[in-house]
Amino acid sequence: MSAPKFTPRVFSGIKPSGGLTLGNYLGAIKRFVAMQGGAFDCVYCVVDLHAITVWQDPAELAHATREVAAGFIAAGIDPERSILFNQAQVSQHTELGWIFNCVARVGWMNRMTQFKEKAGTNAENVSLGLYAYPSLMAADILLYHATHVPVGEDQKQHVELTRDIAQKFNHDFKVDFFPETIPVIEGPAMRVMNLRDGTKKMSKSGESDMERINMTDDADTIARKFRKARTDAEPLPDTVEGLAGRPEARNLVDIYAALADITPAEVLARYPGAGWGTFKPALADLAVEKLAPISGEMARLMADPAEIDRILARGAERAREIAAPILARTYEIVGLIRS
Ligand code: AMP
Ligand code: TRP
């Protein structure tokens, strides 16, 4: 449980490894916007140091970092009300990350499914950073004593590891210093699936661009991708239970629900027994209606990279104001002298 001594604070991050997808939008950014201005202090980060755990072309990394920042702002993150910055500008992340490398156990890391998936059969040859990735993520979160972390389903295990690290640190040093962060995973689109294979997650780095909707896709491209999305031959069922065993159908209904802010049951009630010839164009129209203003605003922001850099610099300054005293106290607890 997060003790009341911790300010209710949200932290979350997105990697600038390629462009943003509809999965990032529905599973993360749209929910970040909804948490803003409520009970929480919000801290949102473009996690560039996480991106380089796999090779990134330097020019593309810088471009993607600004583009993710632009995506946050275009979707409604207000850099005044929230703190918005990129990880590399706040060195406390890597400093706390090192300490957590010395708290986390190799056995814990070996259980991380994202690492196993990414390393695949090539585990001997991936970067050491990819292995340590979840410990840096714990540092991102705990550096702000964040109590809540909104993420998609795929990140649940990493937030649970963050709780394990906080607990072990508190226990080993006999303190009650780091909170036990709560993962916030709710809504119909916590795992947006690949449009060509409903059993795989939609990701930035699939083989074919037809598998995903990018935040920067134009209206025609979005319509074509939904039209060509794989489905079965059956029409939409009357009840949500009828979607069982139909991953592609389930995915398109979930995407509609998340975009329209309604439940999957309400989607089915709106399109009773509809065939794909009816439902896919309706979904494409809705997606264009929701995404076009965001991609338009992203393009406008990207035309002035210096302004994005100013916003990130200001966000980093505000982030350091929270992070520096928490790191300083951590060093003290551990017995590290900084005279
Ligand atoms: P990443 O792009 O891996 O840095 O992910 C950033 C955020 O987007 C995390 O909270 C992920 O859980 C979320 N996310 C990424 N892909 C998806 C997806 N296909 N469905 C739902 N959430 C996703
Ligand atoms: N690991 C997350 C992802 O791949 C990105 C991330 C890094 C993150 N640090 C974080 C998410 C801290 C939430 C909180 O999606």
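For ligands, and for the atoms within them, numbers begin at 1 and follow the listed sequence.
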Could you tell me whether Lys15 and ligand 2 have an N or O pair separated by under 3.5 Å? yes

So is there a nitrogen or oxygen of Gln155 less than 3.5 Å from a nitrogen or oxygen in ligand 2? yes

With respect to Tyr133, determine whether any N or O atom, backbone or side chain, lies less than 3.5 Å from an N or O atom of ligand 2. yes

Quick check: does Val151 get an N/O under 3.5 Å from an N/O on ligand 1? no

Shortest heavy-atom approach to atom 7 (C) of ligand 1 - which of Pro150, Ser205, Ser203, Ala28: Ala28

Which bit of Arg191 is near ligand 1, meaning a heavy atom under 4.0 Å away: side chain, backbone, both or neither? backbone

So for Val159 against ligand 2, with non-hydrogen atoms under 4.0 Å, the contacting part is neither

Mind checking whether Val151 contacts ligand 2 via backbone (N, CA, C, O), side chain (CB onward), both or neither, at a 4.0 Å heavy-atom cut-off? side chain

Consider only side-chain N and O atoms of Gln114 and Gln155, and report whether a donor and an acceptor are under 3.5 Å apart. yes

Number the atoms of ligand 2 from 1 as they appear, then name those within less than 4.0 Å of a heavy atom of Val149, with their elements. 13 (C), 14 (C)

Between Asn110 and Tyr131, do the side chains contain a donor N or O and an acceptor N or O under 3.5 Å apart? yes

With heavy atoms under 4.0 Å as the rule, classify the contact between Asp154 and ligand 1 as side chain, backbone, both or neither. side chain

Considering the heavy atoms of Gly152, write down every atom of ligand 1 situated less than 4.0 Å from one of them. 10 (O), 11 (C), 12 (O), 22 (N)

Between His50 and ligand 1, which part of the residue brings a heavy atom under 4.0 Å of the ligand: side chain, backbone, both or neither? neither

Do Asp217 and Asn214 pair up side chain to side chain, a donor and an acceptor below 3.5 Å, judged on atom types alone? yes

Candidates Pro183, Ala189, Gly23; heavy atom nearest atom 22 (N) of ligand 1 found on Gly23

